[in-house]
Amino acid sequence: VRLAGNGYCADVVIARRAVVTAAHCAHGMHVLADDGSVRVIGVARSAVLDDGRRVSVSGDAAILTLAAPLSGVGAAPVGEGSGERFTIAGYGTQDERERGAFGSLHEASLVAAGARALVDPNRSGSIAASACFDDSGGPVMRGGMLVGVITRAAHPSPRIACGDLTRWAAITVSGTA
């Protein structure tokens, strides 16, 4: 689902009345889902999932409590995940010259490039697949499990923001379902 208000961000449904996103996206926003707009009534660092497990976030991540449950939208499976590949997704621009081009959902398959950093393994030039503007808060999946959210894109050039590293914040789960 998407966040709108003071700009645009992505977010991920984790329970009927909770979504996770980047913390810098958490204030002044509302959730846009297929059935309309839902108000955000709380911002926290932890929450209880519908199955009774507790999730926590740190760094540039936040859990938003919604005024009403989302209908017709399933929650992402949250867990540790496994494998060497990560999948990121977002609605942001694919060309940083077009800020605010908040459109269709796109995804990329990336690999770890250090602590909480992902990179395109098929990189062939100075620009490769990565998060970009308005992708913040989008899912970071590993082995089909939600393990974190996108926090920002980074590039070695001070004039370029996207096309190199995707930074992310982890989601941790405790308890049993």
Side-chain angles (χ1 to χ4, degrees), residues 1-4 8-26 29-35 38 40 42-66 68-92 102 104-121 129-154 165-177:
V1 293
R2 306 173 193 203
L3 285 173
Y8 294 101
C9 285
D11 58 331
V12 185
V13 177
I14 57 171
R16 287 183 302 249
R17 292 182 64 151
V19 298
V20 64
T21 191
H24 71 265
C25 297
M29 303 291 254
H30 56 275
V31 174
L32 299 176
D34 289 341
D35 57 349
V38 179
V40 173
V43 179
R45 292 289 194 171
S46 67
V48 176
L49 298 176
D50 295 335
D51 65 10
R53 295 180 299 152
R54 178 164 290 283
V55 293
S56 301
V57 296
S58 60
D60 186 18
I63 298 171
L64 310 181
T65 303
L66 306 178
L70 293 170
S71 61
V73 178
V78 182
E80 290 184 29
S82 63
E84 305 225 352
R85 293 227 179 228
F86 294 79
T87 300
I88 63 168
Y91 293 96
F102 196 69
S104 60
L105 183 65
H106 54 273
E107 65 180 51
S109 179
L110 307 176
V111 295
R116 305 290 181 251
L118 303 171
V119 68
D120 183 351
S130 80
C132 202
F133 299 117
D134 303 329
D135 284 329
S136 293
V140 175
M141 308 288 287
R142 183 178 185 190
M145 303 295 283
L146 180 68
V147 297
V149 293
I150 298 167
T151 57
R152 67 183 176 94
L165 294 180
T166 296
R167 303 281 185 192
W168 63 286
I171 298 171
T172 57
V173 182
S174 60
T176 58

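In this structure, SG on C9 lies 6.5 Å from CG on D134, to the nearest 0.5 angstrom. Rounding to the nearest 0.5 angstrom, the gap separating the CZ atom in R45 from the OG atom in S58 is 6.5 Å.
Residues passing the side-chain hydrogen bond (donor to acceptor under 3.5 Å, both in side chains) test with S46 are R54, sequence neighbours excluded. Taking A44 as the reference, nothing meets the side chain to side chain contact (heavy atoms under 4.5 Å, CB included) condition, with sequence neighbours excluded. For A18, the side chain to side chain contact (heavy atoms under 4.5 Å, CB included) partners are I14, A15, I63, not counting sequence neighbours. Take R116 and apply the side chain to side chain contact (heavy atoms under 4.5 Å, CB included) test, not counting sequence neighbours, and it matches W168, A170. With sequence neighbours left out, the side chain to side chain contact (heavy atoms under 4.5 Å, CB included) criterion links E107 to T87, A89. Scanning for side-chain hydrogen bond (donor to acceptor under 3.5 Å, both in side chains) contacts around H30 gives an empty result, with sequence neighbours left out. Applying the side-chain hydrogen bond (donor to acceptor under 3.5 Å, both in side chains) rule to D60 yields the partners H24; only residues at least two apart in sequence or on another chain are considered. Judged as a salt bridge (Lys or Arg N to Asp or Glu O under 4.0 Å), and not counting sequence neighbours, R85 has no contacts.
Annotation for T151 and S136: closest pair O-OG, 3.3 Å, computed over non-hydrogen atoms. Closest of all the heavy-atom pairs between A10 and L3 is O-CD1, 4.1 Å. Of all heavy-atom pairs spanning A113 and L165, the tightest one is CB-CD2, 3.9 Å. Between D120 and S109, the shortest heavy-atom contact is OD1-O, 4.4 Å. The two residues A154 and R167 have their closest heavy-atom pair at CB-NE, 4.2 Å. When all heavy atoms of A68 and V38 are compared, the pair lying nearest together is O-CG1, 3.6 Å.
Residues V73 and V1 are in side-chain contact: their nearest non-hydrogen atoms beyond the backbone lie under 4.5 Å apart. Two residues are said to be in side-chain contact when any heavy atoms from C-beta on lie closer than 4.5 Å; V43 and L64 meet this criterion.
Screening residues 10-21 for side-chain hydrogen bond (donor to acceptor under 3.5 Å, both in side chains), with sequence neighbours left out, gives no hits.
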Quiz: residues 137-150 side-chain donor-acceptor pairs under 3.5 angstrom, not counting sequence neighbours:
| residue | atom | partner | partner atom | Å |
| --- | --- | --- | --- | --- |
| R142 | NE | G83 | O | 2.7 |
| R142 | NH2 | G83 | O | 2.8 |

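Of the possible donor and acceptor atoms, none in the side chain of S130 sits under 3.5 Å from a partner among the backbone N and O of T166.
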